[in-house]
Amino acid sequence: MLPKTYDPKPVEEKWTRLWQENRVFRAGIDKSRKSFTIVIPPPNITGALHMGHALNNALQDVLIRYRRLSGESSFWAPGTDHGGIATQNVLEKMLKAEGKTKEDLGREQFLKRMWDWYKECGGTILQQLKKLGCSLDFSPENIRFTMDETRAKAVYQAFKELWEKELIYRGERMINWCPRCYTALSDIEVEFEEERSHLWRIKYPVENSDSFVTVATTRPETMLGDMAVAVHPEDKRYRKLIGKNLKLPLTDRLISVIADEEIDMAFGTGAVKVTPSHDPVDFQISQRHGLAQMPVISYEGRMMNCREKYLGKKTALARKEIVEDLQALGLLEKEEPYTHNVGKCYRCSNHIEPLVSEQWFVRTRPLAEKALEKTKNGELTFYPESWQKPFDAWLEKIQDWCISRQIWWGHRIPAWYCRKCSGEGLHFDEKGELRSVSVKKGAKPAVSREKPLKCEHCGGQDFLQDPDVLDTWFSSALWPFSVFGWPSKTPELGYFYPTSALVTGYEILHLWVARMVMSGIFHLGELPFKKVYVHGIVRDKHGQKMSKSKGNVIDPLDMMAKYGTDSMRFSLLIQAVGGKDIPFSENSIIGGRNFVNKIYNVSRFLQMNLVPGENYELELEGADLSDRWILHRYNQTLSEYKKLMDEFLLPEALDKLYGFLWDEFCDWYIELAKPDLQTENKKKKLSILINVFLNSMKLLHPFMPFITEEIFADMKTSAGSTAKSLMDEKLPRPNKKLEDETSLRKMGVIMEIIKSIRTIRSQFTIPPRKEMRAVITSSNGALEDIKPFGHYIKNLARLSELELSKAGEKPKMSVSAVMGEFNIFVLMEGDIDPEKEKNRLSKERQALLAGTKTWEKKMQDGSFLKNAPEAEVEKIRQRIAENNDKISRIGLILKELER
RNA sequence: GGGCAGUUAGCUCAGCGGAAGAGCACCUCCCUUACAAGGAGGGGGUCACAGGUUCGAACCCUGUACUGCCCACCA
């Protein structure tokens, strides 16, 4: 005999192996069938899979399995992302533990270590996706990596095409610099966080005068690089000072007062210190006024170009000392608490230093405009659609994309400089390696994947490659087509591109999705996908983001080991409603675990009853009411399920299945069918039980692949299937022959009667096992309707005897209920307290009377009668009639109790 | 500072113009031969607040409050 509880572990291990061995997930080109393609958001190779990956990939797997079962040729290939800064940081940390730095190793050795790490970690992540049940084809030739040879070709091709169209350029701009990661970042890689700090008011002495101009700043340390103080041209306080010089404290420099419209007179003192090298706004002001730049903060985040005292000190320390020094000089007017937003690195959370630097950029506006056309004309749609607006808004305000990173791990920028022609433009470090390049000083890049043979200008052959690498998102942006071998015109590219849908979390809508859209249109002239399914973030049960530092991380691998993969998938998927964030707790998996066990026990029950080897083909002949009812409900559930799945309403579809299987199939239908399993009717009943159940398993399969596959394998022969896997089966189609609305109505009445008898039993604490006698009376034809199904009531309400009669007499020693058109009397043994019973019925009567009163009031309302639709009025008329009928019936029972 | 959501039972949410719902949690009774990871029954909500539209509002409109996200160069 099968054990009472389901043990997921051996089942999951078995099927994980068999699926790969039999290559059931293989997606080939099959022009006779529709294709369904999703490219996996490639996980970064930074460590292990987390809950977010579990959700993201479970959702994709649901879609892929559903489409595969629907007969489409599904493609979903595994892959990982090299993950640029994030991954480099992981290795740097590991080196630190060994007491080394990446400089100790040198670029070449460091990269070798990175590739070793990829081999180790990339494999682990794929292994974990397998555990999650993802129906990816893990054949080695199928595994993609954003830095493998094919993808590298794509990156070069993309760079070249953009360069040739002048959409990539090199220039000096204000960029976001992370001194910790030691690289430039794009604007969207900066996260703003509110921080409590101070606003300092500093007095700048006016030259040849005793007066001062007071400026307000949150960053006093940058004052060493001030080149001016700006005021609004119409600011009366300062108008006279415009053009005058100020003595910049702590330096021996003079700076001038300039006028700029952008200055807000109402903020601070209305006078702003202008630091062109370290503030984006100041940079713009300086451009407008032709101010010189003077950087005072280095790439390391230390003070430079300043007096000895501060030289080389970190900005935070310099800030403290400068404030103290100003105070000592009497130039600090005020220090007030101030809360403002501070930019932080999205990879290491350290403060971002805005500074001027020469970098590579993508000119995004022309690309964004094309993308906007597609979203505006409805070609690109979002599920849920509320993401469309923010997506569009971002494209409309898009800034040029800084794509160069000063790290080592990534695609090296395919630009080369002739040593001879580049003049002063090449800067080397102490080891003689090219460290940075200045185009302004003569360096002219030649774009090429390999080292160029000859310089176009001087014929020289000594080339140096640009030391920077590309933003990791640059290669991610090409993923939907690089996956298929672009720029080669592979058959896969032709068949699977554009892909069918993209499934992703909203946090990378700009970083990734928008860039894929722009790249797809630019390089292939076609959107990479037309549907974007956007999901939320898995949080802890209090809605907090999971993070190691908070210690609230739940590891999906632990959860799968403890409760099984199907259970975890269920609890994630059922909660993923409307793309909202999911508050996840271990507790929520238990619901999934219970459902898995419930299903397992259904199969156990059926297997205990069926005769192995026998074929239980669906027999409709002679189906009784409960059969017709469950088949009708199954059929309805199937149609609703398909509709929901096609609309990407996956949690809703799962919820429908859950309700159908647990409430209707288990709690009602199986219970109703049980007595028949003891009769010659057994085979017919089993045919319906097995067919409805196994078809439901097919519907459930995309969500919970392991248990459904296992059950199917155990029972398929009974349903006449020889399929090797459930996935070789087809999803059932709704069948008109199964429709039977009448059964729904009739079963509804019977279920209500059963429930009211159960309620009475419960109220009088009659043990469920104890058999009772009951009498049901009704003065009209309704009784005829239920007469053939008395045995349903007897069985499920546990009655030893059921009398159906027209006579309205209340049997002695009985408890009564009025349900619809029926009076129900449950016969009690021994005495019942007439007072208690009277009380109970009177209370119900009161409630009914109150209802009638409300409705009648409404019926006396002239404007209601005049304005409300006739159907509404009729409905209320009927309610009153029903109520009154019940009231009078209760009245009669009460009268009988009096005697 | 701008924009977008949300506020319904203890929790997570559905309902989006005609008698307040589900799941989980809770309480009571039951180890009934598929399942105690189960079954049956039950309690619990002025639908954030204030106005308005309507015969009728959780639902539509207008404010207010709070919460959450996204975007933004206010020193």
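Per chain, numbering begins at 1; letters A, B, ... match sequence-line order.
A 3.5 Å limit on both hydrogen-bonding distances identifies no Watson-Crick or G-U partner for B:C47. The partner of B:U53 is absent, by the rule that a Watson-Crick or G-U pair needs both atom distances under 3.5 Å. Pairing of B:G41, defined by two Watson-Crick or G-U wobble distances under 3.5 Å, is identified with B:C27. A 3.5 Å limit on both hydrogen-bonding distances identifies no Watson-Crick or G-U partner for B:A36. Nucleotide B:C16 has no partner under the Watson-Crick or G-U criteria, as no pair reaches both atom distances under 3.5 Å. The partner of B:G6, taking Watson-Crick or G-U wobble pairs whose two distances both stay under 3.5 Å, is B:C66.
Straight-line distance between the P atoms of B:A72 and B:G18: roughly 41 Å, to the nearest whole Å. For the P atoms, the distance linking B:A22 with B:C16 amounts to 16 Å, nearest Å. Nucleotides B:A58 and B:C47 place their P atoms 7 Å apart, quoted to the nearest Å. Taking atom C1' in both B:U12 and B:A57, the straight-line distance is 25 Å, to the nearest Å. Here, B:U8 and B:U46 have their C1' atoms 12 Å apart, quoted to the whole Å. If you take atom C1' in B:G17 and the same atom in B:C55, they sit 12 Å apart, rounded to whole Å. Between B:G56 and B:A19, the two C1' atoms lie 12 Å apart (nearest whole Å). Rounded to whole Å, the separation between the P atoms of B:U62 and B:C69 comes to 25 Å.
To the nearest 0.5 Å, atoms CD (A:Q607) and CG (A:N601) are separated by 11.0 Å. A:L848 contributes atom CG, which lies 13.0 Å from atom CD1 of A:I880 (distance to the nearest 0.5 angstrom).
Heavy-atom distances to RNA chain B give each of A:V281 and A:Y506 a nearest nucleotide, and the one nearer the 5′ end belongs to A:Y506. Annotation: of the two residues near RNA chain B, A:K755 and A:F267, the 5′-most nearest-nucleotide partner is A:K755.
Across all strands shown, A:K541 has no heavy atoms under 4.0 Å from either base or sugar-phosphate atoms. When heavy atoms are screened at a 4.0 angstrom cut-off, A:R219 is found touching no nucleic acid atom at all. At a threshold of 4.0 angstrom between heavy atoms, the contacts of A:T5 include nucleobase atoms, whether or not backbone atoms are also involved. Residue contacts shown for A:P354 are absent, as no nucleic acid heavy atom lies under 4.0 Å away. As judged by a 4.0 angstrom heavy-atom cut-off over every strand, A:E671 is placed among the base-contacting residues. Among the protein residues, A:D264 comes within range of the nucleic acid bases, having at least one heavy atom under 4.0 Å from a base atom. Contact annotation for A:N341: base contact, defined as any heavy-atom pair under 4.0 Å involving a base atom. If you check every strand for non-hydrogen atoms under 4.0 Å, A:K4 touches sugar and phosphate atoms only. Contact annotation for A:Y338: backbone-only contact, meaning every heavy-atom pair under 4.0 Å involves sugar-phosphate atoms and none involves a base. Residue A:R604 is in sugar-phosphate contact alone, with no base atom involved, counting any heavy-atom pair closer than 4.0 Å across all strands shown. A:K857 comes within contact range of no nucleotide atom at all, as no heavy-atom separation falls under 4.0 Å. Using a 4.0 Å heavy-atom cutoff across all strands shown, A:I876 reaches no nucleic acid atom at all. Among the protein residues, A:K580 comes within range of the sugar-phosphate backbone only, with heavy atoms under 4.0 Å from sugar or phosphate atoms but none that close to a base.
Within a heavy-atom distance below 4.0 Å of RNA chain B, the residues of residues 653-663 of chain A found are A:Y658, A:W662.
Considering all non-hydrogen atoms of both residues, A:E12 and A:D566 come closest at OE2-N, 3.8 Å.
Taking the six-membered ring where tryptophan is involved, the planes of A:F665 and A:F693 are essentially parallel, since the angle between them stays under 30° and well short of 60°.
Aromatic rings from A:F660 and A:Y641 are positioned such that their centres are separated by 6.0 Å or more. Annotation: A:Y204 is not in aromatic contact with A:F212 [ring centroid separation under 6.0 Å not met].
Proximity of a side-chain donor or acceptor of A:Y669 to a complementary backbone N or O of A:D663 within less than 3.5 Å is not detected.
On the nucleic acid side, RNA chain B has its first and last nucleotide under 4.0 Å of a heavy atom of chain A at B:C4 to B:A75, going 5' to 3'.
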Intermediate values then yes/no, side chain to side chain donor-acceptor pair (under 3.5 Å), A:D226 and A:T275: CA-CA 4 Å; A:D226 283 0; A:T275 319; 2.7 Å; yes

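Ion pairing between a basic and an acidic side chain is recognised when a charged N comes within 4.0 Å of a carboxylate O; A:E882 and A:R879 show no such pairing. Here A:R288 pairs with A:E262 in a salt bridge; the nearest charged N to carboxylate O distance falls below 4.0 Å.
More than 12 heavy atoms of other residues, nucleotides or ligands shown are found within 6.0 angstrom of CD on A:E336.
With no hydrogens or angles considered, a side-chain donor-acceptor pair links A:D260 and A:H289 at under 3.5 Å.
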